[in-house]
Enquirer: 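Quick one: the structure is below, and I'll ask about it shortly.
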Amino acid sequence: MTYSGEVRVGGPADVHELKDLMITKIAVGPMDNNAYLLRCRATDEQLLIDAANDAHTLLGTIGDDGIASVVTTHQHGDHWQALAEVVAATGARTYAGRDDADGIPVPTDVRVDDGDVIRVGQVELVARHLVGHTPGSIALVYDDPHGHPHVFTGDCLFPGGPGRTTRPEEFNSLMDGLESKLFDALPDETWVYPGHGNDTTIGTERPHLAGWRARGW
């Protein structure tokens, strides 16, 4: 089956099968959040990105193998509603951006800084700290040695623009971070997995950067 990244709450997951990594995308909760289950093909270790909602569905997707870790992309409540229950059921190690960890009501085992590496089995994810949507939002970049990169952006980047900000200085900070750490660093083929909605690519969004700057959101 070809991966589309189009999922809906109550519907089936979609699986992106890479050579070293399997990425399962599922939509959960009243705000249509995306959660991503990453599985290292070499070791079968699993990592969950955003235990957003509906712990029953997430735990069913995780299955009997459990997860070694769960990463929360940022402190907004719709991204951690199921975190306590998932951690209690799996014993997973928790990760979050250093500047958002105190805003998440589940203890963070590892506070993540820009450039830190988070591992799932033999696969490495590099954290990119993006300030603006929240103070400590992180994106996770997987540079696939057999193909193009993949980036999990939380609510910092969506098809059609950056995540929500409330003040001009927050918008400018988020845009600066997106440009320097994602658009300047990653090729057009990079697949983007956002915290809500459909996927996109860096190349699809790149021509619109100036327009986003001009409109201010």
Side-chain angles (χ1 to χ4, degrees), residues 20-21 23-25 33-40 43 45-53 58 62 66-88 90-144 149-158 162-165 170 173-186 190-196 202:
D20 295 338
L21 185 69
I23 302 167
T24 300
K25 177 180 182 178
N33 286 74
N34 296 326
Y36 299 94
L37 181 67
L38 279 54
R39 186 182 188 98
C40 172
T43 66
E45 183 172 293
Q46 297 190 120
L47 174 150
L48 180 68
I49 299 174
D50 283 344
N53 205 295
L58 294 180
I62 290 166
I67 52 173
S69 48
V70 55
V71 180
T72 303
T73 58
H74 63 289
Q75 64 178 307
H76 287 159
D78 60 309
H79 289 260
W80 49 253
Q81 291 293 316
L83 182 58
E85 192 170 344
V86 167
V87 169
T90 62
R93 192 169 181 83
T94 55
Y95 293 76
R98 181 174 301 280
D99 296 326
D100 269 15
D102 290 341
I104 300 169
V106 177
T108 297
D109 296 318
V110 181
R111 294 179 178 237
V112 178
D113 294 308
D114 187 66
D116 284 355
V117 174
I118 300 172
R119 291 177 175 83
V120 50
Q122 296 178 5
V123 170
E124 294 186 346
L125 308 170
V126 178
R128 290 301 176 206
H129 180 203
L130 299 168
V131 182
H133 182 67
T134 65
S137 290
I138 53 173
L140 299 175
V141 179
Y142 169 52
D143 191 1
D144 186 354
H150 299 255
V151 57
F152 303 87
T153 56
D155 284 2
C156 287
L157 178 64
F158 296 102
R164 179 183 59 82
T165 54
E170 292 173 344
S173 174
L174 180 54
M175 284 297 300
D176 289 347
L178 288 171
E179 290 192 22
S180 64
K181 296 178 181 180
L182 298 188
F183 285 93
D184 290 351
L186 299 172
T190 302
W191 198 279
V192 176
Y193 305 83
H196 305 263
I202 288 291

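Throughout, numbering of the chain's residues begins at 1 and tracks the sequence.
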Enquirer: As an exercise, state the distance from NE2 of His150 to CD1 of Ile23, rounded to the nearest 0.5 Å.
Expert: 5.5 Å
Enquirer: Under 3.5 Å, is there a donor-acceptor pair between the side chain of Lys181 and the main chain of His129?
Expert: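 Present.
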Enquirer: Return the set of residues passing ring-ring contact (aromatic ring centres under 6.0 Å, His included) with Tyr36 (not counting sequence neighbours), or none when no residue passes.
Expert: Phe152, Tyr193
Enquirer: Indicate the atoms forming the closest heavy-atom contact of Leu58 with Ala35, along with that distance.
Expert: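 The answer is CD2-CB, 3.7 Å.
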Enquirer: For the pair Asp109 (side chain) and Thr94 (backbone), establish whether a donor and an acceptor sit closer than 3.5 Å, ignoring hydrogens and angles.
Expert: yes
Enquirer: Can any side-chain N or O of Thr72 pair as donor or acceptor with the backbone N or O of His74 at less than 3.5 Å?
Expert: no
Enquirer: Report the C-alpha distance between Arg111 and Asp113 in whole Å, list the side-chain angles of each, state the deciding distance to 0.1 Å, and finish with yes or no for side-chain contact (heavy atoms from CB on, under 4.5 Å).
Expert: CA-CA 7 Å; Arg111 294 179 178 237; Asp113 294 308; over 6 Å; no
Enquirer: With distance as the sole test, does Thr190 use its side chain to make a donor-acceptor pair with the main-chain N or O of Leu186 at under 3.5 Å?
Expert: no
Enquirer: So which pairs with a foot in residues 91-126 pass ring pair (Phe, Tyr, Trp, His ring centres under 6.0 Å), sequence neighbours left out?
Expert: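 Sorted result for residues 91-126: empty, none.
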Enquirer: Which atoms form the tightest heavy-atom contact between Ile104 and Gln75, and what is the distance?
Expert: CG1-CA, 3.8 Å
Enquirer: Do any N or O atoms from the side chain of Ser137 and from the backbone of His133 form a donor-acceptor pair under 3.5 angstrom?
Expert: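 No; judged by distance alone, with no hydrogens or angles, the pair does not exist.
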Enquirer: Under a 4.0 Å threshold between the charged nitrogen and the carboxylate oxygen, would Asp155 count as salt-bridged to Arg164?
Expert: no
Enquirer: Set out, in order, the CA-CA distance, both residues' side-chain angles and the distance that settles side-chain contact (heavy atoms from CB on, under 4.5 Å) for Val71 and Ile138, then state yes or no.
Expert: CA-CA 9 Å; Val71 180; Ile138 53 173; 3.9 Å; yes
Enquirer: When you measure from the side chain of Ser173 to the backbone of Val131, do you find a donor-acceptor pair of N or O atoms at a distance under 3.5 Å?
Expert: yes
Enquirer: Please find the pair of heavy atoms, one from Cys40 and one from Gln122, that lie closest to each other, and give the distance.
Expert: SG-N, 3.3 Å
Enquirer: With a 4.5 Å cut-off on side-chain heavy atoms, are Val120 and Ser69 touching?
Expert: no
Enquirer: Closer than 3.5 angstrom, by distance alone: can the side chain of Thr108 be matched with the main-chain N or O of Val110 as a donor-acceptor pair?
Expert: no
Enquirer: Minimum heavy-atom separation for Asp20 and Val123, please, with both atom names.
Expert: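 Here Asp20 and Val123 meet closest at O-CG2, 3.7 Å.
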Enquirer: If you measure from CG on Asp114 to CZ on Arg98, what distance do you get to the nearest 0.5 Å?
Expert: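 Between Asp114 CG and Arg98 CZ, I get 12.0 Å after rounding to 0.5 Å.
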Enquirer: How far apart are the closest heavy atoms of Pro194 and Phe158, and which atoms are they?
Expert: CB-CD2, 3.7 Å
Enquirer: Is it true that a side-chain atom of Gln46 and a backbone atom of Ile67 form a donor plus acceptor pair closer than 3.5 Å?
Expert: no
Enquirer: Below 4.5 Å, heavy atoms only, C-beta onward: do Thr73 and Asp100 meet side chain to side chain?
Expert: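 Answer no - side chains too far apart.
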Enquirer: Give the C-alpha distance, both sets of side-chain angles, the deciding distance and a yes or no for side-chain contact (heavy atoms from CB on, under 4.5 Å) between Phe183 and Leu157.
Expert: CA-CA 11 Å; Phe183 285 93; Leu157 178 64; 4.1 Å; yes
Enquirer: Heavy-atom distance under 4.5 Å between the side chains of Leu140 and Val151, does that happen here?
Expert: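 Result no, sub-4.5 Å side-chain heavy-atom pair not found.
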Enquirer: What distance separates Thr165 OG1 from Leu174 CG, expressed to the nearest 0.5 Å?
Expert: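 It comes to 6.5 Å.
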Enquirer: Could you tell me whether the side chain of Val117 reaches within less than 4.5 Å of the side chain of Arg119, counting heavy atoms only?
Expert: yes
Enquirer: Taking atom types as modelled, is there a side-chain donor on Asn33 or Asp78 under 3.5 Å from an acceptor on the other?
Expert: yes
Enquirer: To check you understand the geometry: which heavy-atom pair defines the closest contact between Leu47 and Ile118, and what is its length?
Expert: CD1-CG2, 3.8 Å
Enquirer: Supply the atom-to-atom distance Leu125 CG to Asp116 CG, rounded to the nearest 0.5 angstrom.
Expert: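 It is 12.0 Å, given to the nearest 0.5 Å.
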Enquirer: Would you sort out whether Ile49 and Leu38 count as a side-chain contact (heavy atoms from CB on, under 4.5 Å), showing the intermediate values?
Expert: CA-CA 8 Å; Ile49 299 174; Leu38 279 54; 4.0 Å; yes
